[in-house]
S.K.: 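Could you have a look at this structure, given as structure tokens, before my questions?
Just so it is clear: chains get the letters A, B, ... in the order the sequence lines come, proteins before strands, and each one is counted from 1.
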Amino acid sequence: MLKIYNSLTREKQDFVPITPGSVRMYVCGMTVYDYCHLGHARVLVVFDLVQRWLRASGLQVCYVRNITDIDDKIIKRARENNESIGELTARFIRFMDEDAAALGVEKPDHEPRATEHVPQMLALIGQLEKNGLAYQAAAGDVNFSVRKFPGYGKLSGKSLDDLQAGERVDVDAGKEDPLDFVLWKQAKEGEPFWASPWGNGRPGWHIECSAMSSELLGKHFDIHGGGQDLQFPHHENEIAQSEGAHACRFVNYWMHNGFVRVDDEKMSKSLGNFFTIREILKRYDPEVLRFFIVRAHYRSPLNYSDAHLDDARHALSRLYTALKAAQPGNSEVDWTEAHALRFGAAMNDDFNTPEACAVLFDLAAEVNRSKSAELATQLRGLSGLLGLLRRDPQVFLQATPSGGEEMPAERIETLIAARAAAKQGRDYAAADRIRAELAVAGVVLEDGVKGTSWRRA
RNA sequence: GGCGCGAUAGCAAAGCGGUUAUGCACCGGAUUGCAAAUCCGUGUAGGUGGGUUCGACUCCCGCUCGCGCCUCCA
């Protein structure tokens, strides 16, 4: 039985889908005006893991991850770049797709874009107005009236009065309450706009997720995910909008992944301490980055550093080395086998991927001892469920990070042949010189019964 | 100020009221022409002060420290 930690109740709960046998899941995706950073990589990978495990558990999954392609920052950036919003967002959507693909993230079933769902948003705003939860302020913005929605704050554990007491709340004269949030923004001069019953304007940020989730998944669905920083106000506001408009429960299970940190501080665009995915991939294999994310629990903070990625790379090499030494078959995972049972139990315990990884390492040790093809098959099969160990071990072990200036494989092979000749003639000094030369180039030789193989250190 | 999360060995990171987490690094041994990889073995833990218990890293309370949200952010 799968258990999921529900942010709404703050406890692990048995996962019971609304419709037996199928799951509907919505995850807040990217605002596309810049390259994805490591924090984005984490959401992509974490919910890819969730999605994979749900499917592996035999559930039919409808996974939706939205794309925010209209907002203040996009408008600002397009203006700075002197290009159209469409050009800007198309480019960064492409980059996002490339990054996600590199990390082994499977495509969601739907990737709705905000700009393609404005009519649905307007309908939702209309319904909120009809229900007495929305009002148009003097300046033209349409706001959501948080005081009129009972239960506002239930997801983030905040009370409206505590929020009022805070010092960081915007003061906007047009709002009836400072905490009211905007559903529809009145267009200013030179800004893109859509026509609406409330005048020309564009959607507020939160409304798109309420509109697109109900469009694709219905008014009530199973799982809603996103980064921890979206819990408040974004997800709180989504609940207010969706439940306020539809008068029924919105989401059963809320999942929030922990932050990526740098030097124990949140990695974020505002702090400017972020690393983009493609920057990292110039120096590390994408699978290493994926493994780095997979081996931490999704709710824990994850500290980024080169040392940690180096560590992840060495650990992943151990798994691939075990695979290389055996001959895994192509059959499916045998779920009656001991390691698979442990793996399944770990994943069912709120997606405990660190524990699942520990099982993989135990399995690898077992494979190394026994050279069992069956266990090697299990190792590859279980790892595959995490999106790992999909490549030929040789390819991984000999891979160079993109843009690297390592010694080419042909040159390495030539040197290995020369060394073999030297060894044949018992000239071990010459053989060791060649090994040393390769070692300097970051190449490690491994003499075996079937000859010499090599890998990058 | 309000709300919440965390503190595990050299580093990273899990489970668990009593029995080996796991990975990297380190040490000893096997293996090797020498290595590497692998195997065998050893060691290194759970912030601090109390409490509950036959027994606590694991449950409860206090304290200290760190982090997050309360403002756009995955």
S.K.: B:rA13, B:rA37, B:rC3: which one has an atom nearest the side-chain heavy atoms of A:Pro354?
M.R.: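 Comparing B:rA13, B:rA37, B:rC3 against the side chain of A:Pro354, the answer is B:rA13.
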S.K.: Considering only B:rA14, B:rC24, B:rC11, which nucleotide approaches the side chain of A:Glu355 most closely?
M.R.: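 The answer is B:rA14.
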S.K.: Is there a ring-ring contact (aromatic ring centres under 6.0 Å, His included) between A:Phe92 and A:Phe95 once you walk through the steps?
M.R.: CA-CA 5 Å; A:Phe92 284 108; A:Phe95 292 148; 5.5 Å; yes
S.K.: Please report, rounded to the nearest Å, how far the P atom of B:rC73 is from the CG atom of A:Leu44.
M.R.: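 Answer to the nearest Å: 16 Å.
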S.K.: Tell me whether the guanidinium CZ or amine NZ of A:Arg299 lies under 6.0 angstrom from the six-membered ring centre of A:Tyr5 and within 45° of its axis.
M.R.: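 Yes, A:Arg299 lies over the aromatic ring of A:Tyr5.
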S.K.: For A:His297 and B:rG6, what is the distance between atoms NE2 and P respectively, to the nearest whole Å?
M.R.: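 These atoms are roughly 11 Å apart.
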S.K.: Round to the nearest Å and state the distance from A:Tyr298 atom OH to B:rC5 atom P.
M.R.: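 Rounding to the nearest Å, OH of A:Tyr298 and P of B:rC5 are 14 Å apart.
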S.K.: Per the atom types in the model, does the base of B:rG33 pair as donor or acceptor with the side chain of A:Asp432 at under 3.5 Å?
M.R.: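 When only heavy-atom distances are counted, A:Asp432 does reach the base of B:rG33 through a donor-acceptor pair under 3.5 Å.
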S.K.: Suppose we call a contact any N or O donor and acceptor under 3.5 Å apart; does that hold for the side chain of A:Lys266 and the base of B:rC67?
M.R.: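 Donor-acceptor pair under 3.5 Å: no.
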S.K.: Show the numbers, then the answer: is there a ring-ring contact (aromatic ring centres under 6.0 Å, His included) between A:Tyr63 and A:Phe47?
M.R.: CA-CA 9 Å; A:Tyr63 174 29; A:Phe47 289 100; 7.5 Å; no
S.K.: Across the strands shown, which category fits A:Arg455 at heavy-atom distances under 4.0 angstrom: base, sugar-phosphate, nothing?
M.R.: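 Sugar-phosphate only.
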S.K.: Classify the nucleic acid contact of A:Arg299 as base, sugar-phosphate or nothing, counting any heavy atom under 4.0 Å across all strands shown.
M.R.: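 It contacts nothing in the nucleic acid.
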S.K.: From the list B:rC40, B:rC24, B:rG68, which nucleotide is the closest neighbour of the side chain of A:His314?
M.R.: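 The answer is B:rC24, which lies nearest to the side chain.
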S.K.: Over all strands shown, is A:Ser270 touching base, sugar-phosphate only, or nothing at heavy-atom distances under 4.0 angstrom?
M.R.: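 The residue A:Ser270 makes base contact.
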S.K.: Calculate the interatomic distance between A:Lys154 atom NZ and B:rG4 atom P; express it in whole Å.
M.R.: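 Going from A:Lys154 (NZ) to B:rG4 (P), I get 18 Å.
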S.K.: Quickly work out the A:Arg10 CZ to B:rG6 P distance and round it to whole Å.
M.R.: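 Computing the A:Arg10:CZ to B:rG6:P distance gives 12 Å.
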S.K.: At 4.0 Å (heavy atoms only), tell me whether A:Asp264 reaches a base, stays on the sugar-phosphate, or touches nothing.
M.R.: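 Sugar-phosphate, no base atom in range.
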S.K.: Looking at the side chain of A:His308, which of B:rC11, B:rC34, B:rA74 is the nearest nucleotide?
M.R.: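 So the nucleotide nearest the side chain must be B:rC11.
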S.K.: Which nucleotide in the set B:rA74, B:rC72, B:rA37 lies at the smallest distance from any side-chain heavy atom of A:Lys73?
M.R.: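 The closest nucleotide is B:rC72.
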S.K.: Check every strand shown and say whether A:Asp310 touches a base, only sugar-phosphate, or nothing at a heavy-atom separation below 4.0 Å.
M.R.: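 No contact.
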S.K.: Which is true for A:Ser300 with a 4.0 Å heavy-atom rule: it touches a base, it touches only sugar-phosphate, or it touches nothing?
M.R.: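 The answer is sugar-phosphate, as A:Ser300 gets under 4.0 Å only of primed atoms, P, OP1 or OP2.
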S.K.: Expressed as a whole number of angstroms, how long is the span from A:Gln394:CD to B:rA37:C1'?
M.R.: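 Nearest whole value for this atom pair: 13 Å.
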S.K.: When you measure only distances, ignoring hydrogens and angles, does the side chain of A:Asp72 come within 3.5 Å of the base of B:rC72 through a donor and an acceptor?
M.R.: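 Answer is no: no donor-acceptor pair is held.
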S.K.: So for A:Ser156 and B:rC69, does any side-chain atom that can act as donor or acceptor lie under 3.5 Å from a complementary atom in the base?
M.R.: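 A donor-acceptor contact between them is absent.
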S.K.: Are A:Tyr253 and A:His224 close enough that their ring centers fall under 6.0 Å?
M.R.: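 A:Tyr253 vs A:His224: aromatic centres not under 6.0 Å.
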S.K.: Any base atoms under 4.0 Å from A:Ala365, or only sugar-phosphate, or nothing? Heavy atoms, all strands.
M.R.: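 Touches sugar-phosphate only.
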S.K.: B:rG33, B:rU22, B:rC72: which one has an atom nearest the side-chain heavy atoms of A:Ala431?
M.R.: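 Shortest atom-to-atom distance from the side chain points to B:rG33.
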S.K.: Taking any heavy-atom pair under 4.0 Å as a contact, classify A:Gly39: base, sugar-phosphate, or nothing.
M.R.: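 Base, at least one base atom sits under 4.0 Å.
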S.K.: Using a cut-off of 4.0 Å on non-hydrogen atoms, how would the nucleic acid contact of A:Leu230 be classed: base, sugar-phosphate, or nothing?
M.R.: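 Counting heavy atoms under 4.0 Å across all strands, the contact made by A:Leu230 is with sugar-phosphate only.
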S.K.: Output the single nucleotide from B:rA74, B:rC39, B:rC70 whose closest atom is nearest the side chain of A:Arg369.
M.R.: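 Between B:rA74, B:rC39, B:rC70, the one nearest the side chain of A:Arg369 would be B:rC39.
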S.K.: Round to the nearest Å and state the distance from A:Met267 atom CE to B:rC67 atom C1'.
M.R.: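 Whole-Å distance recorded here is 15 Å.
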S.K.: In whole angstrom, what separates A:Gln228's CD from B:rG68's C1'?
M.R.: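 Taking CD of A:Gln228 and C1' of B:rG68, I get 7 Å after rounding.
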S.K.: Could you check, using the six-membered ring where one of them is a Trp, whether A:His235 and A:His206 have ring centers closer than 6.0 angstrom?
M.R.: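 That pair fails the under 6.0 Å test.
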S.K.: Quick check: any donor-acceptor pair below 3.5 Å linking the side-chain of A:His37 to the base of B:rA74?
M.R.: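 Indeed there is one.
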S.K.: Can you work out whether A:Ala296 or A:Val444 has the more 5'-proximal nearest nucleotide on RNA chain B?
M.R.: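 Result of the comparison: A:Ala296.
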S.K.: Which part of the nucleic acid, if any, lies within contact of A:Ala358, taking any heavy atom under 4.0 Å across all strands shown: a base, the sugar-phosphate backbone alone, or nothing?
M.R.: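 Since a base atom lies under 4.0 Å of A:Ala358, the category is base.
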S.K.: Counting side-chain heavy atoms from C-beta on, which of B:rA37, B:rG23, B:rG4 comes nearest to A:Phe361?
M.R.: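 Out of B:rA37, B:rG23, B:rG4, the nucleotide with an atom closest to A:Phe361's side chain is B:rG23.
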S.K.: Can you figure out which of B:rC73, B:rU38, B:rG15 approaches the side chain of A:Arg318 most closely?
M.R.: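 That would be B:rU38.
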S.K.: For the P atoms, the ones on B:rC11 and on B:rG4, what distance do you get once it is rounded to whole angstrom?
M.R.: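 It comes out at 31 Å once rounded to the nearest Å.
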S.K.: Is it the case that B:rC69 (base atoms only) and A:Lys158 (side chain only) share a donor and an acceptor within less than 3.5 Å, ignoring hydrogens and angles?
M.R.: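 A donor-acceptor contact between them is present.
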S.K.: Between A:Arg435 and A:Val260, which is nearer to the 5' end of RNA chain B once each is assigned its nearest nucleotide?
M.R.: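 Taking each residue's closest nucleotide, the earlier one in sequence belongs to A:Arg435.
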S.K.: Could you check which nucleotide pairs with B:rG1 in any of the strands shown, counting Watson-Crick or G-U wobble with both distances under 3.5 Å?
M.R.: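 Answer to the pairing question: B:rC70, which forms a Watson-Crick or G-U pair with B:rG1.
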S.K.: Is the base of B:rG46 syn or anti, where syn means the angle lies within 90° of 0?
M.R.: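 Because its glycosidic torsion lies within 90° of 0, B:rG46 adopts the syn conformation.
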